Undergrad: 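Take this structure, written in structure tokens, and hold onto it; I'll ask about it next.
In what follows, chains carry the letters A, B, and so on, assigned in the order in which the sequence lines appear, proteins first and then strands, with residues in each chain numbered from 1. Nothing here was measured: the structure is a model prediction, and the numbers come from that model.
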Amino acid sequence: MSKGFRRIRGVHDGLPDMVRRWRRIEEAARDVFSRYAFAEVRLPVLEPTALFVRSIGEATDIVSKEMYHFVDQGGDDICLRPEGTAGAVRAWLQAGLSRAGATRWFYMGPMFRRERPQKGRLRQFQQIGVEWFGVAGPVEDAEMLAMAHAFLHRLGLDGLRLEINSLGCPACRPAYRERLVAWLSERADALCDTCRERIQSNPMRVLDCKVEACQAALADAPEMIAHLCGDCAAHFAGLKEALGALEVAYVVNPRIVRGLDYYSRTAFEIVTDRLGAQGTVLAGGRYDGLVAELGGPATPAVGFAAGLERLAMLLPEEPAECPDVGVVALGDAALPHALRAARALREGGCSVLWCGGGSARRQFKVADREGVRFVAVIGEDEAAAGRLAWKDMHSGEQRTLTVDEAIKACRAALRSTARGIASRP
RNA sequence: GUGGAUGUAGCUCAAUGGUAGAGCCCCGGUUUGUGGUACCGGUGGUUGUGGGUUCGAGUCCCAUCAUCCACCCCA
């Protein structure tokens with residue numbers, strides 16, 4: 001166990017094994033999202049604290065307890081973004097795009113929340129987010145879900161479940177909320193301590209309490225989905241119809257809730273049972289109230305975000321890429337020729353490992369450990385002749401080639417095998 | 001913020017309160033111009049940290065820190 005500096009709590013070092021998975025996820029996202037004509041944006045990690053205070057509200061203690069925020073040397077109250085949507089709305093408004101019609105954006109990057117770490121929950125984590133500004137219809141919600149589905153399908157993930165719900169709108173939710181609070185208050189005795197407190201602080205959350213006794217008591221609790229206004233009911237019906245047309249499988253889960261008021265209508269989660277208590281892999285929905293809340297013109301919008309770390313945990317290991325060629329240099333006199341040969345091979349498109357000098361045996365062991373396909377041996381004889389000894393590590397066959405011939409041999413071999421998954425015999 | 005579990009070599013793990021070990025990895029050798037296998041040798045530890053009990057603590061007690069899991073919260 002190393003002394004000295006250690007990483008701070010709740011953050012992870014992205015070592016090569018992990019970065020290979022991240023990259024696979026990022027590449028899938030870029031490819032799938034661009035087929036749906038979404039454009040990538042890269043937004044600041046630092047934002048004014050007030051942006052999130054405004055979007056999240058003071059209702060919960062998220063801002064005071066779970067955001068990294070500080071006053072900088074200029075006296076500005078700054079924070080590390082805890083999520084992507086508010087910053088995207090801010091950037092979209094600041095760029096004047098609210099007059100430009102619907103906008104389709106996606107982004108990926110680190111987010112920060114000062115929570116107690118646990119499985120699938122870090123203090124610095126990465127999200128892939130998608131926002132679609134200026135569209136109001138259920139068909140767009142379905143498109144969003146189809147895109148999320150395609151993304152996860154591209155990653156080869158199975159055993160996932162899409163759950164959808166409707167959260168209503170400012171026209172129908174307040175009345176429902178009152179009805180729910182009244183219903184819960186009558187049955188408070190049957191609920192756990194935390195739920196009793198939640199009746200006032202966050203009544204919707206009672207519905208997805210994890211305590212079994214609560215779930216039993218809540219079996220007949222009123223659900224938003226049964227109390228939607230006409231417009232919301234029509235929207236939800238339209239969503240289900242479009243999902244049916246797209247053959248995207250889903251289940252309606254009336255207990256999906258959101259903590260904040262700017263959410264409306266469609267809410268969805270894609271969950272797995274393979275990650276313990278943090279099983280939501282992708283979540284999103286409609287936030288028709290947020291743009292106005294942040295000072296822009298009333299603008300409907302829908303989006304989702306997925307956690308890169310959780311997705312990575314569901315993915316199989318990604319094999320490391322092996323170098324194509326190991327260069328073995330023997331003797332000081334051959335060194336200049338060997339160095340130039342390595343560079344020439346790289347310029348020719350091969351990935352080349354310098355085996356580090358020393359005995360031939362040692363350098364071959366390095367080459368073998370790294371899984372190279374070929375070894376180029378350059379000693380005094382080869383240097384004098386302007387050639388190299390070219391050994392195929394699979395067959396063991398060795399011959400004398402010029403550098404140009406070696407490049408050709410290397411390229412030919414890599415065309416016929418899957419690059420980067422050099423199999424060891 | 002609350003609760004539980006766990007901290008011994010780079011990694012995975014042993015060690016009745018009585019000399020801190022093994023396997024893997026790494027380095028070297030058997031082979032100073034040829035890899036995998038095998039064999040031989042070697043590097044590497046304030047047992048997370050700080051106190052306490054004891055003739056003696058990796059082991060028992062207290063505190064603290066870290067990791068993991070769950071609760072809370074989940075934008």
Undergrad: Below 3.5 Å, does any donor atom in the side chain of A:R121 face an acceptor in the base of B:C73, or the other way round?
TA: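 Indeed, a donor on one side and an acceptor on the other fall under 3.5 Å apart.
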Undergrad: Would you measure the distance from the P atom in B:G48 across to the matching atom in B:G7 and give it in whole Å?
TA: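 Per the computed distance, 9 Å lies between those P atoms.
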Undergrad: For B:A75 and A:R205 - does any side-chain N or O of the residue sit under 4.0 Å from the phosphate oxygens OP1/OP2?
TA: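 Yes, because at least one side-chain N or O of A:R205 sits under 4.0 Å from OP1 or OP2 of B:A75.
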Undergrad: Less than 3.5 Å between a donor and an acceptor, one on the side chain of A:R361 and one on the base of B:U31, is that the case here?
TA: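 Indeed there is one.
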Undergrad: Does any donor-acceptor pair link the side chain of A:E115 with the base of B:G1 at a separation under 3.5 Å?
TA: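 Not at all, since no donor on one side and acceptor on the other fall under 3.5 Å apart.
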Undergrad: Do the charged groups of A:K365 and A:D368 touch, with an N to O distance under 4.0 Å?
TA: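 No.
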Undergrad: Rounding to the closest angstrom, what is the interatomic distance between B:G52 and B:G58 at atom P?
TA: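 The same atom, P, in both gives a distance of 15 Å.
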Undergrad: Please check the phosphate of B:G36 (OP1 and OP2 only) for any side-chain N or O of A:K365 closer than 4.0 Å.
TA: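 So the side chain of A:K365 is within the cut-off, an N or O lying under 4.0 Å from OP1 or OP2 of B:G36.
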Undergrad: For a side-chain contact (heavy atoms from CB on, under 4.5 Å) check, start with the C-alpha distance between A:R373 and A:V325, then their side-chain angles and the critical distance, and finish with the verdict.
TA: CA-CA 6 Å; A:R373 176 66 203 281; A:V325 184; over 6 Å; no
Undergrad: Looking only at atom C1', what distance separates B:G18 and B:G56, rounded to whole Å?
TA: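 Taking atom C1' in both B:G18 and B:G56, they lie 7 Å apart.
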Undergrad: Whole Å only: how far is the NZ atom of A:K391 from the C1' atom of B:G36?
TA: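 After rounding, the gap between these two atoms is 10 Å.
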Undergrad: Check whether the side chain of A:Q363 and the base of B:U34 form a donor-acceptor pair under 3.5 Å.
TA: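 When only heavy-atom distances are counted, A:Q363 does not reach the base of B:U34 through any donor-acceptor pair under 3.5 Å.
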Undergrad: Which nucleotide, in any strand shown, forms a Watson-Crick or G-U wobble pair with B:U47, with both distances under 3.5 Å?
TA: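 By the stated definition (distances under 3.5 Å), nothing pairs with B:U47.
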Undergrad: Reading RNA chain B from 5' onward, which residue's closest nucleotide shows up sooner: A:R113 or A:V366?
TA: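 Its nucleotide being nearer the 5' end, the pick is A:V366.
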Undergrad: Does a side-chain N or O of A:R6 approach OP1 or OP2 of B:U49 to a distance below 4.0 Å, or not?
TA: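 Indeed not, no polar side-chain atom of A:R6 lies that close.
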Undergrad: Is there a donor-acceptor contact under 3.5 Å from the side chain of A:R21 to the main chain of A:L315?
TA: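 Yes, because the side chain of A:R21 sits within donor-acceptor range (under 3.5 Å) of the backbone of A:L315.
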Undergrad: Let me know the distance between CZ of A:R7 and P of B:U67, rounded to the nearest Å.
TA: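 It works out to 8 Å between those atoms.
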Undergrad: I'd like to know if the side chain of A:R286 and the backbone of A:T266 have a donor-acceptor N/O pair within less than 3.5 Å.
TA: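 Such a contact is absent between A:R286 side chain and A:T266 backbone.
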Undergrad: According to the Watson-Crick and G-U wobble definitions, with both distances under 3.5 Å, which nucleotide is paired to B:A38?
TA: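 B:U30 - that is the nucleotide pairing with B:A38, both distances being under 3.5 Å.
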Undergrad: Let's test this: given Watson-Crick or G-U wobble pairing with both distances under 3.5 Å, identify the partner of B:G10.
TA: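 Pair assignment: B:G10 / B:C24.
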Undergrad: Using the C1' atom as the reference point in each nucleotide, state the distance between B:U59 and B:U47 in Å, no decimals.
TA: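 These two C1' atoms come out 10 Å apart once rounded.
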Undergrad: Quote, to the nearest angstrom, the C1' distance that separates B:C60 from B:U53.
TA: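 Roughly 8 Å separates the two C1' atoms.
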Undergrad: What interatomic distance, in whole Å, is found between C1' of B:C74 and the corresponding atom of B:G1?
TA: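 After rounding to an integer number of Å, I get 15 Å for this pair.
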Undergrad: Considering only atom C1', compute the distance from B:C68 to B:G29 and round it to an integer number of Å.
TA: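 42 Å, rounded to whole Å.
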Undergrad: For the side chain of A:R116 and the base of B:U2, is some donor closer than 3.5 Å to an acceptor across the two?
TA: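 Result: at least one qualifying N/O pair found.
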Undergrad: Is the distance between the ring centroids of A:F38 and A:F106 under 6.0 Å?
TA: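 Ring centroids of A:F106 and A:F38 are no less than 6.0 Å from each other.
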Undergrad: Quick one: do A:E347 and A:R340 make a salt bridge, cutoff under 4.0 Å?
TA: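 Salt bridge: no.
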Undergrad: Using both distances under 3.5 Å as the test, list the Watson-Crick or G-U wobble partner of B:A70, or none.
TA: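 B:A70 is paired, partner B:U2.
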Undergrad: Taking for each residue the nucleotide of RNA chain B bearing the nearest heavy atom, is the 5' side occupied by A:G10 or by A:D381?
TA: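 Looking at the nearest nucleotide for each, A:D381 comes out on the 5' side.
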Undergrad: Say you pick atom C1' in B:U43 and the same atom in B:A9; how far apart are they, in whole Å?
TA: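 Between the two C1' atoms, the distance is 11 Å.
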